[in-house]
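What follows is a set of notes on a single structure, which appears directly below.
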Amino acid sequence: MRCPYCSNEEDKVIESRAIEGGASIRRRRECLKCAHRFTSYERLEMQPVMVIKKDKRREAFDRDKILSGILKACEKRPVSIDTVQTLVSDIERVIQDEMKTEITSLDVGEMVMNRLKDLDQIAYIRFASVYRQFKDVTEFLKEIQDHFESRG
């Protein structure tokens with residue numbers, strides 16, 4: 001593993017911990033040259049899954065795209081990065097468990113929204129506003145109203 005501070009390739013592992021329900025390993029490392037500490041992650045390599053976009057293009061599933069979208073929705077909210085990482089891993093695991101080689105971006109977006117709805121209402125509304133591409137304020141307000149009515 002190359003040190004992100006000095007590019008030295010020699011380090012020692014200080015701590016290893018299973019995360020995301022055992023689907024990944026988080027390792028704390030210390031560079032043997034500059035003594036900076038950094039974190040690395042190991043994940044199983046999964047079967048490639050293609051995402052079918054709205055315009056029918058296909059692109060490889062990218063967990064980082066989901067992570068980025070959720071992080072933006074959760075910005076300045078009381079949601080930890082570990083919670084977000086777990087949410088992304090859960091979505092990725094569901095997709096892999098279905099053993100499909102293709103999934104629509106619509107299905108992925110709905111999975112994210114369903115999980116955000118239970119996690120943080122503001123993050124849910126933020127994600128929905130981008131994902132659903134509301135044409136005007138009326139559509140946005142209807143989504144908010146529907147959300148709160150469904151919560152009882």
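Quick note: residue numbers are just sequence positions, from 1. Treat the numbers as computed from the prediction; the structure is a model and nothing was measured.
Applying the ring-ring contact (aromatic ring centres under 6.0 Å, His included) test to every pair with at least one member in residues 71-116, sequence neighbours left out, gives no pairs at all. Applying the ring-ring contact (aromatic ring centres under 6.0 Å, His included) test to pairs two or more places apart or on separate chains, none has a residue in residues 48-79.
Among residues two or more places apart in sequence or in another chain, the side-chain contact (heavy atoms from CB on, under 4.5 Å) test is passed with K76 by none. In this structure, R126 has no side chain to side chain donor-acceptor pair (under 3.5 Å) partners at least two apart in sequence or on a different chain. Partners of I19 under the side-chain contact (heavy atoms from CB on, under 4.5 Å) rule, at least two apart in sequence or in another chain, are R17, S24, R26, Y41. Every side chain to side chain donor-acceptor pair (under 3.5 Å) that T39 has, sequence neighbours left out, goes to R28. For Y5, the ring pair (Phe, Tyr, Trp, His ring centres under 6.0 Å) partners at least two apart in sequence or on another chain are H36. Evaluation of the side chain to side chain donor-acceptor pair (under 3.5 Å) rule for E110 yields R132 as partners, not counting sequence neighbours. Applying the side-chain contact (heavy atoms from CB on, under 4.5 Å) test to M1 and every residue at least two apart in sequence or in another chain returns D11, R29, F38, S40. The side chain to side chain donor-acceptor pair (under 3.5 Å) check on D55 picks up R57, with sequence neighbours excluded. Taking F127 as the reference, Y131 meet the ring pair (Phe, Tyr, Trp, His ring centres under 6.0 Å) condition, with sequence neighbours excluded. Contacts of K33 classified as side-chain contact (heavy atoms from CB on, under 4.5 Å), with partners at least two apart in sequence or in another chain: C6, N8, C31.
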Please lay out, stage by stage, how I95 and M111 fare under the test side-chain contact (heavy atoms from CB on, under 4.5 Å). CA-CA 10 Å; I95 292 169; M111 281 189 238; 3.7 Å; yes
Take R27 and S16, measure what side chain to side chain donor-acceptor pair (under 3.5 Å) needs, and give me the verdict at the end. CA-CA 4 Å; R27 297 195 195 279; S16 291; 2.5 Å; yes
So L32 and C3, side-chain contact (heavy atoms from CB on, under 4.5 Å) or not? Walk me through it. CA-CA 9 Å; L32 295 177; C3 173; over 6 Å; no
Could you walk me through whether E98 and D107 pass the side-chain contact (heavy atoms from CB on, under 4.5 Å) check? CA-CA 12 Å; E98 290 178 358; D107 289 339; over 6 Å; no
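Side-chain atoms of I66 and E92, non-hydrogen and from C-beta on, never get closer than 4.5 Å to each other. I81 is not listed as a side-chain neighbour of C74, based on a closest heavy-atom distance of 4.5 Å or more.
The two residues L116 and A73 come nearest to each other via the heavy atoms CD1-CB, 4.4 Å. Here the shortest heavy-atom pairing between P78 and D120 reads CD-OD2, 4.0 Å.
I122 and L87 fall into different hydrophobic clusters, where Ile, Leu, Val, Met, Phe, Trp and Tyr residues are linked whenever their side-chain heavy atoms come under 4.5 Å apart, directly or through other members. Under a hydrophobic clustering in which Ile, Leu, Val, Met, Phe, Trp and Tyr are joined whenever their side-chain heavy atoms come within less than 4.5 Å, directly or via other members, L119 and M113 fall into the same cluster. M50 and I52 are assigned to two separate hydrophobic clusters, defined by single-linkage of ILVMFWY side chains at heavy-atom distances under 4.5 Å.
Side-chain N or O atoms of S89 include one that pairs as donor or acceptor with a backbone N or O of Q85 at under 3.5 Å.
Partner of V88 under the side-chain contact (heavy atoms from CB on, under 4.5 Å) criterion, out of D64, T83, L67, V112: L67 alone.
Taken from NZ in K53 to CG in L106, the straight-line distance is 11.0 Å, to the nearest 0.5 Å. Taking NZ of K56 as the start and OG1 of T104 as the end, the distance is 8.5 Å to the nearest 0.5 Å. Between the CD1 atom in I91 and the CZ atom in R115 there is a gap of 5.0 Å [rounded to 0.5 Å].
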